[in-house]
Engineer: 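Here it is, the structure, as structure tokens.
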Amino acid sequence: MLDDFFIRALIAGLGVAIVTGPLGCFTIWRRLSFFGDTLAHSALLGVTLALSFEMNISFAVFLISAVVAIFLINLQRVTNLPGDALLGLLAHSTLALGLVTISFLSFIRFDIMGLLFGDILSVNNLDILIIWLGGAIILITLKIIWKPLFASTVNYDLAQAEGMNPDRVNIIFTLLMAAIIAISIKMVGLLLITGMLIMPAAMARNLSDNPLMMVFIATVGGALSVLLGLFASLEFNSPSGPSIIVAALSLFLLSLINLKRIKIKGKVV
Amino acid sequence: MNNVVAKLNNAGLKINNTWLVKGVSFEVKKGEIVTLIGPNGSGKSTTAKIALGIYKNAEGHVDKYTNKIGYVPQKISIDWTLPVRVIDFMNLTEQLKEKDLDDALNLTGVKNLKYRNIKSLSGGEFQRVLIARAIAKKPEFLVLDEPVQGVDFKGEIALYELIRLISENLKCGILLISHDLHVVMSATDYVVCLNGHICCSGTPKTVANNHNYKELFGDRASNTLSIYEHKHDHTHSADGTIKTKKI
């Protein structure tokens with residue numbers, strides 16, 4: 001039989017995959033991969049905050065990510081710097097701030113590898129509760145703002161002209177990004193979380209011709225990556241977080257073959 | 001009874017201390033077509049966007065009296081990363097009834113493209129989808145920014161005819177931007193001639209006789225009215241024989 005810790009890892013991993021599927025699609029559509037990375041880097045600062053003040057890690061990470069995200073939106077308004085420069089600026093300054101703060105917390109033993117690459121096998125019941133409850137809140141919110149969010153992703157002017165309030169849903173979506181990073185940081189780690197967001201969605205893009213189909217395939221692909229990755233890590237004794245991402249990569253490569261076939265078919269017909 | 005759908009009072013937009021357009025006032029009533037004309041860079045699209053509330057820092061007073069708005073923007077680019085079919089695009093800002101969706105696609109002649117990917121459409125085809133999307137939701141205020149760009153000549157006439165029909169049938173207020181002075185002068189109720197500000201406005205007849213308009217567009221432009229004022233009940237074939245139109 002499977003061990004308890006492995007069952008918990010599976011439940012947590014699947015919970016994360018269900019949420020990263022739809023959010024990952026929007027991450028790709030809105031070209032926010034680097035934005036996700038920046039938020040993930042800032043998570044280190046969140047973790048040190050949690051350790052310093054004995055807060056829940058997910059909550060502290062959400063708090064810091066949300067602050068960084070809002071700060072970024074405002075920076076974009078007041079400076080003339082391009083978006084990627086601002087993202088780099090924030091990513092590295094929050095990472096550096098986090099590392100400096102950690103050095104002051106010498107009284108705490110700290111598993112930095114677990115933080116960078118995730119430690120899904122040490123997930124406890126409270127983590128599972130946070131993932132599934134937080135995940136449910138994220139998905140319900142996304143469902144509510146889906147129409148205006150998608151409309152403003154396709155075209156800002158159209159959405160604004162026809163009364164969809166794109167600025168408001170943009171901020172809500174940014175908070176959802178901060179939330180998914182907060183709940184999944186323990187599972188895949190801050191270096192790999194963006195991979196969990198964009199790889200299943202990228203795979204899905206190769207296989208779909210409409211938005212809902214892409215969301216569905218991304219979700220299934222993400223769940224499949226978690227299953228494959230976790231069983232592989234059990235079998236080969238490889239680290240769990242990276243194994244999940246490698247599984248996602250394999251699925252992406254498989255989808256390329258299919259893409260090629262579709263294109264060849266298209267030419268023949 | 002108030003049948004005004006949008007009203008601009010001394011509206012304008014200033015970016016980096018330059019006025020893109022300034023002191024614009026007009027109103028769009030239900031069942032009426034208001035047209036904006038003017039040379040490149042005269043602020044036509046900007047004015048339309050001000051009327052739609054896209055610019056939040058616009059000066060002056062802008063009032064919209066309806067939430068049912070349809071918009072055909074002048075420029076629109078859709079990211080290739082988005083897997084969007086025509087049917088998804090039609091439902092973009094409002095979930096349409098299947099019948100309304102099909103009717104609108106039929107009216108603009110692109111029903112056969114319903115399940116095609118947006119990326120695979122030609123410029124003219126996409127333009128027809130844009131118009132279909134804007135009219136399918138039966139708007140009370142319809143803003144068309146050069147709606148027939150890229151459409152073939154025959155389609156152009158049909159689409160302008162369609163726009164006129166929509167304003168009559170739906171009783172919606174239409175704000176139209178067009179370079180086609182013939183159409184503007186023959187089929188619209190009120191013309192606003194822009195050149196960074198309102199240079200003249202009024203019925204097509206008064207605008208055509210205004211000397212500002214003649215200066216802006218040249219003498220030949222004012223003749224367009226006299227040519228197109230009469231109603232066509234016939235067409236000419238290539239050898240000059242007259243064919244009576246079947247109505």
Side-chain angles (χ1 to χ4, degrees), chain A residues 22 24-33 77 80 143-170 197-198 201-218 255 258-259 262-263 265-267 269, chain B residues 6 16 45-46 48-58 62 64 66-96 114-120 126 129-130 133-134 136-137 139-145 175:
Chain A
C25 290
F26 274 106
T27 308
I28 287 193
W29 294 336
R30 296 175 75 96
R31 301 179 174 241
L32 291 175
S33 316
R77 278 190 203 142
N80 287 325
K143 175 87 181 75
I144 294 171
I145 64 166
W146 173 277
K147 199 133 196 103
L149 183 66
F150 188 73
S152 68
T153 303
V154 172
N155 191 272
Y156 179 90
D157 281 1
L158 267 186
Q160 175 71 28
E162 300 186 7
M164 311 234 74
N165 215 335
D167 289 335
R168 193 176 62 196
V169 291
N170 186 24
L197 275 171
I198 59 174
M203 185 263 307
R205 177 66 188 95
N206 289 340
L207 304 176
S208 44
D209 78 330
N210 70 75
L212 282 180
M213 187 175 168
M214 179 162 159
V215 166
F216 179 74
I217 296 179
S255 75
N258 194 313
L259 187 73
I262 291 172
K263 279 206 172 139
K265 243 192 211 164
K267 267 179 197 164
V269 171
Chain B
N16 295 336
S45 293
T46 308
K49 286 184 180 181
I50 291 173
L52 285 164
I54 290 175
Y55 293 120
K56 294 199 179 91
N57 50 350
V62 181
K64 283 189 284 184
T66 173
N67 290 322
K68 289 189 69 79
I69 294 169
Y71 178 36
V72 175
Q74 183 186 19
K75 264 183 285 179
I76 184 169
S77 59
I78 292 184
D79 210 311
W80 65 268
T81 47
L82 282 162
V84 183
R85 297 165 302 174
V86 170
I87 179 173
D88 305 315
F89 186 69
M90 290 293 288
N91 285 316
L92 194 65
T93 58
E94 191 178 307
Q95 198 65 38
L96 300 167
K114 190 173 170 187
Y115 295 104
R116 278 267 293 278
N117 196 291
I118 287 281
K119 267 287 144 190
S120 70
F126 183 55
V129 172
L130 271 177
R133 195 199 63 83
K137 56 195 286 191
E140 289 178 344
F141 182 32
L142 184 60
V143 178
L144 306 162
D145 194 345
L175 181 61

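Chain identifiers are assigned alphabetically (A, B, ...) following the order of the sequence lines, protein sequences preceding nucleic acid strands; residue numbering begins at 1 within each chain.
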Engineer: So for B/K119, is it side chain, backbone, both, or neither that comes closer than 4.5 Å to the heavy atoms of chain A?
Structural biologist: neither
Engineer: More than 12 foreign heavy atoms under 6.0 Å from NZ of B/K56: is that the case here?
Structural biologist: yes
Engineer: For the residue pair B/F89 and A/L158, establish whether any side-chain heavy-atom pair is separated by less than 4.5 Å.
Structural biologist: yes
Engineer: Set out, in order, the CA-CA distance, both residues' side-chain angles and the distance that settles side chain to side chain donor-acceptor pair (under 3.5 Å) for A/K147 and B/Q95, then state yes or no.
Structural biologist: CA-CA 9 Å; A/K147 199 133 196 103; B/Q95 198 65 38; 3.1 Å; yes
Engineer: Taking every heavy-atom pair that is under 4.5 Å apart, which of B/V143, B/I76, B/I87, B/N67 has the most such pairs with chain A?
Structural biologist: B/I76
Engineer: Provide the closest heavy-atom pair for A/A161 versus B/K64 in the form atom of the first, atom of the second, distance.
Structural biologist: O-NZ, 4.0 Å
Engineer: Compare all side-chain heavy atoms of A/N155 with those of B/I78 and state whether any distance is below 4.5 angstrom.
Structural biologist: no
Engineer: Mind checking salt bridge (Lys or Arg N to Asp or Glu O under 4.0 Å) for B/K137 and listing every partner two or more places apart, or none if nothing turns up?
Structural biologist: A/E162
Engineer: As an exercise, state the distance from CG of A/L212 to CG of B/D88, rounded to the nearest 0.5 Å.
Structural biologist: 7.5 Å
Engineer: What part of A/T153 gets within 4.5 angstrom of chain B, counting heavy atoms only: side chain, backbone, both, or neither?
Structural biologist: both
Engineer: Against chain A, work out which of B/N117, B/I118, B/V72, B/N91 has the most heavy-atom pairs shorter than 4.5 Å and name it.
Structural biologist: B/N91
Engineer: Return yes when atom OH of A/Y156 has more than 12 non-hydrogen atoms of other residues, nucleotides or ligands closer than 6.0 Å, and no otherwise.
Structural biologist: yes
Engineer: Quick check: closest heavy atoms across A/P211 and B/P83, and the distance to 0.1 Å?
Structural biologist: CD-O, 2.8 Å
Engineer: Measure the spacing between CE of A/M214 and CG of B/L82 and express it to the nearest 0.5 Å.
Structural biologist: 8.0 Å
Engineer: Find out whether B/K49 and A/Q160 are in side-chain contact, i.e. whether some heavy atom of one side chain is under 4.5 Å from a heavy atom of the other.
Structural biologist: no
Engineer: To check you understand the geometry: which heavy-atom pair defines the closest contact between A/N210 and B/R85, and what is its length?
Structural biologist: CB-NE, 3.2 Å
Engineer: Mind checking whether B/Y115 and A/D209 have side chains closer than 4.5 Å, heavy atoms only?
Structural biologist: no
